[in-house]
Amino acid sequence: MLDTTLDTLALEQAHTSGVYMKRDLQIERGEGAYLYDTTGRRYIDCVGGQGTANLGHAHPAIVTAIQRQAAELISCPELFHNPIRAQYQAALCEAAGMNRVFLCNSGAESVEAAIKFARASTGRTSIISTMRGFHGRTFGALSVTWNKSYREPVEPLVPGVNFVPFNNLERLQAALNDTVAAVIIEVVQGEGGVYPAEQGYLQAVQELCRENGSLLIVDEVQTGFGRTGSLFAHQQDGITPDLLCLAKSIAGGLPMGAVLIGDRVNTLAPSLHSSTFGGNPLVCAAALATLEVLQKTDVIEQTHQRGTAVIEHLRNALPETMVREVRGRGLLIGIELRDKAAPYLRRLQEEGVLVLTAGPTVLRLLPPLVISDADLWDVIATIERVLTDAV
Ligand SMILES: *Cc1c(COP(=O)(O)O)cnc(C)c1O
């Protein structure tokens, strides 16, 4: 056996593909909203597994579901029916108010599937996406992702994609025509800097799509499963997506994605799409346990209230000389600085708080929704102190 406490860093550096920029920290264990490094130091986790850990680390209901299912059956491709998958698909469809679902293994895969379904259903080829939008790193998903530094090194991408400014209806209206299969959009742009949809915007987007015979793909990979204070963020905007992309926190941290399919999407041909791992019983069991916790506890209601309070507080408390804007919905929070965010991320880590960025100047918080009030306000006080000390 390797002595991993000594060798993790050297081993990873020797064998990494090189595509990840890693922080100088070896995370070994998690519990609730805490992460522990290999020296035993405890951190409050506002990275939340990059949005995959809405119910925190080692949640007992999810651990039990995974343990039970692992002993029962892990592999079962969709060549066969499977009871736990059937149960989960029914529960997810009912929760979303939609009838059909395709299960896959990641956010990018859910976007790939949604784009294929939209083209097949409409017989049209082009897609409209938004500036600052992020939808994943595989070719289809990357083609509808805005950030040029992700795109340019690997072009050419899938053709027929147009980008319009987020929260701008005129530009969307001007871009729509009878070649447009779908508009793909986030409810809160996450990676792109934490920009929430303005009130009424998504309803108007939906109306424009319907008038034009285009489908509306809503990407809730990051905003789903309680993050913004409702099970799905779009429920606060009063819209009905035609295709709803889900992943990240869907299965308590296990890799899983899903596309929910609405009534305006035509029947999809057998063999149009598939996935070997998609819908495997292990992730379905974890996802069912996750959904049950979200539905049977008050964690989502709490997220709504606490998110509103925290965002309001930060807007008043943070020094204007340092902070341009505080944005967010629920516990998806972005603090846009006037300066680069990376040094403050490091300072917060020294203070025992782990956070993300969203672009070069935005600090992003994605704490587990189960974080205690004491820890949440401790995080807020630490951010205030770090940013105020820097004035
Ligand atoms: C993270 C993310 C994706 C990509 O998910 P992966 O599982 O990393 O492929 C897609 N869309 C949004 C909105 C995301 O936040």
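In each ligand, atom 1 is the first atom listed, and ligand 1 is the first ligand listed. Every heavy atom of this structure was used, including side-chain atoms; hydrogens, water molecules and symmetry mates were not. Remember, it's a predicted structure, so these values are computed and weren't measured experimentally.
A salt bridge (charged side-chain N to carboxylate O under 4.0 Å, His left out) check over residues 11-22, counting only residues at least two apart or in different chains, returns the pairs Glu12-Lys22.
Remark: ligand 1 atoms within the under-4.0 Å shell around heavy atoms of Gln222 are 15 (O). Atoms of ligand 1 lying under 4.0 Å from at least one heavy atom of Glu186, given by number and element, are 13 (C). Every atom of ligand 1 is numbered from 1 in the order shown, and the set under 4.0 Å from a heavy atom of Asp219 is 10 (C), 11 (N), 12 (C), 13 (C). Interface atoms of ligand 1 facing Ser106, defined by a heavy-atom separation under 4.0 Å, are 7 (O), 9 (O).
With salt bridges taken as basic N to acidic carboxylate O contacts below 4.0 Å, one links Glu191 and Arg364.
Here the straight-line distance linking atom CG of Leu260 with atom CG of Leu92 works out to 4.5 Å at 0.5 Å rounding.
Taking the six-membered ring where the residue is Trp, Tyr201 and Phe166 present perpendicular rings, their angle passing 60° and hence far from 30°. The aromatic rings of His234 and Phe232 lie parallel to each other, their planes meeting at an angle below 30°, with 60° marking the opposite boundary.
Comparing heavy-atom distances from atom 7 (O) of ligand 1 across Cys245, Ser110, Ala247, Gly107 singles out Gly107 as nearest.
Distance check for atom 5 (O) of ligand 1: a protein heavy atom is found below 4.0 Å.
The shortest contact between atom 9 (O) of ligand 1 and any protein heavy atom is with Ala108 N, 2.8 Å.
At most 12 heavy atoms of other shown residues, nucleotides or ligands fall within 6.0 angstrom of atom CD in Gln199.
Residue contacts with ligand 1 for Lys248 involve side-chain atoms from C-beta outward but no N, CA, C or O (heavy atoms, distance under 4.0 Å).
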